[in-house]
Amino acid sequence: MSAGYPSHETVQLPSGTRLEYILSPPLLSQYSQPSSGNKLAVCLHPWSWLGGRMDDPVLHTLAGPLREQGYHVLRYNSRGVGKSSGWASLTGFSEARDLAEMARWAVDTIRSVTSVAIVGYSHGSLIASQFAVMLGVRTSHVLLSYPLGPRHWLTAFQGKTYTATLRALIKSRDAHVLVLYGDQDEFTPVESYDVWAATLQDEANDAEGSLQVVKVEGGTHFWRAPAQAERIVEEIVQWVQ
């Protein structure tokens with residue numbers, strides 16, 4: 001990858017799946033902080049069955065600020081999207097394995113990575129929640145607009161598995177998890193989100209890791225309003241610093 005310029009290519013994973021990706025290097029800015037190692041952010045798009053892809057507007061909004069904070073930003077098309085091979089699974093389990101392999105490939109490619117942020121938006125947050133903390137690497141998770149309401153049919157009724165895995169992540173000693181949702185989300189009533197958030201907080205109270213839940217007033221699932229979009233950028237950048 002040429003310094004300063006994104007790399008837009010495909011990579012074949014150990015599983016045999018080939019995924020299309022964009023890997024963008026950090027941007028030098030007045031906000032950049034000195035670092036003793038490289039940092040990687042992996043951004044996951046919404047459900048491919050409904051048109052989700054790596055050039056999603058929300059992911060595009062997040063990429064610039066993350067690069068300004070010194071992150072290499074990896075976005076990729078999941079199975080069956082764009083130039084990526086294969087077919088989307090019904091459960092999301094294959095996509096979770098792809099994420100683990102993509103993250104490992106990026107860490108090995110960039111080298112000297114000391115911090116990894118897994119940023120999942122909508123369906124991408126379901127996949128992100130399945131990503132285990134990496135050994136020897138500070139690992140942050142950002143779950144944006146977690147699709148709690150439609151989760152049962154987005155995962156072929158594997159909601160209990162996702163609940164158990166997220167619970168285990170939150171209880172992990174080195175977990176660093178940020179959850180953001182809007183109180184005007186079109187797919188999950190705010191009352192359901194609030195109950196879920198309280199349950200997560202209860203789970204985290206006895207854990208050694210860290211969890212923060214942010215409810216954004218006026219926020220929808222799609223974060224089109226500038227004020228709410230700016231709010232999530234601020235929260236995410238602060239969390240992964």
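In this structure, Tyr193 and Tyr181 have parallel ring planes: the angle between them is below the 30° cut-off, well short of the 60° mark. Ring planes of His221 and Phe187: perpendicular class, angle over 60° (limits at 30 and 60°). Between His176 and Trp239, the ring planes lie parallel to each other; the angle is under 30°, not in the 30° to 60° tilted range.
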request  = Step by step, work out the side-chain contact (heavy atoms from CB on, under 4.5 Å) result for Tyr71 and Ser115.
outcome  = CA-CA 9 Å; Tyr71 277 86; Ser115 181; 3.5 Å; yes

request  = I would like to know whether Arg79 and Glu95 meet salt bridge (charged side-chain N to carboxylate O under 4.0 Å, His left out); could you show each step before the answer?
outcome  = CA-CA 7 Å; Arg79 295 174 174 227; Glu95 286 77 2; 5.2 Å; no

query = Checking side-chain contact (heavy atoms from CB on, under 4.5 Å) for the pair Val195/Glu191: CA distance, chi angles, key distance, verdict?
reply = CA-CA 6 Å; Val195 171; Glu191 295 82 5; 5.8 Å; no

inquiry  = Before you tell me yes or no, could you show the steps for Tyr76 and Trp105 under ring pair (Phe, Tyr, Trp, His ring centres under 6.0 Å), namely the whole-Å CA-CA distance, both residues' side-chain angles and the distance that decides it to 0.1 Å?
reply    = CA-CA 12 Å; Tyr76 65 90; Trp105 167 82; 9.6 Å; no

task = Just do the side-chain contact (heavy atoms from CB on, under 4.5 Å) check on Arg138 and Lys39 with the steps written out, would you?
result = CA-CA 9 Å; Arg138 182 180 186 272; Lys39 300 187 291 186; over 6 Å; no

ask   = For Tyr21 and Thr10, what are the C-alpha separation, side-chain angles and deciding distance, and is it a side-chain contact (heavy atoms from CB on, under 4.5 Å)?
value = CA-CA 6 Å; Tyr21 70 88; Thr10 63; 5.5 Å; no

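Counting all heavy atoms, side chain and backbone alike, Phe131 lies closest to Ala103 at CE1-CB, 3.7 Å. Closest non-hydrogen pair, Pro150 versus Thr188, comes out as CD-OG1, 4.0 Å. Here the closest heavy-atom approach between residue Met54 and residue Asn77 is recorded as N-OD1, 2.8 Å. When all heavy atoms of Gly159 and Thr155 are compared, the pair lying nearest together is N-OG1, 3.6 Å. Closest non-hydrogen pair, Trp196 versus Val179, comes out as CZ3-CG1, 3.7 Å. Annotation for Ala88 and Trp49: closest pair CB-NE1, 3.4 Å, computed over non-hydrogen atoms.
Although no hydrogens or angles enter the test, the distance criterion places no donor-acceptor pair under 3.5 Å between the side chain of Ser84 and the main chain of Gly82. Checking side-chain atoms of Ser85 against main-chain N and O of Thr17 turns up no donor-acceptor pair under 3.5 Å. Not one N or O on the side chain of Asp185 forms a donor-acceptor pair closer than 3.5 Å with the backbone of Thr220. Here the side chain of Gln228 pairs no donor or acceptor atom with the backbone of Gly219 at under 3.5 angstrom. Checking side-chain atoms of Glu208 against main-chain N and O of Asp174 turns up no donor-acceptor pair under 3.5 Å. Looking only at distances, no side-chain donor or acceptor of Ser140 sits under 3.5 Å from a matching main-chain atom of Val240. Proximity of a side-chain donor or acceptor of Ser172 to a complementary backbone N or O of Ala168 within less than 3.5 Å is not detected.
Put simply, the residue from Val142, Leu144, Val73 that forms a side chain to side chain contact (heavy atoms under 4.5 Å, CB included) with Cys43 is Val73. Screening Leu74, Val116, Asn38 for a side chain to side chain contact (heavy atoms under 4.5 Å, CB included) with Val107, the sole residue that qualifies is Val116.
The cluster map of Ile, Leu, Val, Met, Phe, Trp and Tyr, joined by side-chain heavy atoms under 4.5 Å apart, puts Leu62 and Leu23 in different clusters. Linking Ile, Leu, Val, Met, Phe, Trp and Tyr residues whenever their side-chain heavy atoms come within less than 4.5 Å leaves Leu59 and Leu99 in two separate clusters. In this structure, Val58 is not a member of the same hydrophobic cluster as Ile22, with clusters built from ILVMFWY side-chain heavy atoms closer than 4.5 Å. In the hydrophobic cluster analysis, where Ile, Leu, Val, Met, Phe, Trp and Tyr join through side-chain heavy atoms closer than 4.5 angstrom, Leu126 is grouped apart from Phe222. Side-chain heavy atoms closer than 4.5 Å link hydrophobic residues (I, L, V, M, F, W, Y) into clusters, and following such links, possibly through other members, connects Val216 to Val119.
More than 12 heavy-atom neighbours from other residues, nucleotides or ligands sit within 6.0 angstrom of CG on Leu50. For Glu217, the CD atom is loosely surrounded, since the number of other residues' heavy atoms within 6.0 Å does not exceed 12. Within a 6.0 Å radius of CD in Gln201, other residues, nucleotides and ligands contribute more than 12 heavy atoms. Under a cut-off of 6.0 angstrom, the local environment of NE2 in His60 is sparse, with at most 12 non-hydrogen atoms contributed by other residues, nucleotides or ligands. Crowding of Trp153 atom CH2: a count of heavy atoms from other residues, nucleotides or ligands under 6.0 Å exceeding 12.
The CD1 atom of Ile118 sits 11.5 Å away from atom OG of Ser129, with the distance rounded to the nearest 0.5 Å. With values rounded to the nearest 0.5 angstrom, Arg151 atom CZ is found 12.0 Å from His123 atom NE2. Interatomic distance, Ile170 CD1 to Leu200 CG, rounded to the nearest 0.5 Å: 4.0 Å. Between the CG atom in Asp98 and the CG atom in Leu19 there is a gap of 5.0 Å [rounded to 0.5 Å]. One distance of note links CG of Leu143 with CG of Leu148; it measures 11.5 Å at 0.5 Å rounding. Rounding to the nearest 0.5 angstrom, the gap separating the OG atom in Ser78 from the CH2 atom in Trp47 is 11.0 Å.
Side chains of Ser24 and His72 form no contact here, defined as non-hydrogen atoms less than 4.5 Å apart. Using a 4.5 Å heavy-atom cutoff, the side chains of Leu166 and Glu203 are not in contact. Between Gln241 and Gln69, some side-chain heavy-atom pair lies under the 4.5 Å cut-off. Counting only heavy atoms from C-beta outward, the side chains of Gln130 and Arg97 never approach each other to under 4.5 Å.
In this structure, Arg231 pairs ionically with Glu235, as a charged nitrogen and a carboxylate oxygen lie closer than 4.0 Å.
For Trp223 and Tyr121, the ring centers sit 6.0 Å or farther from each other.
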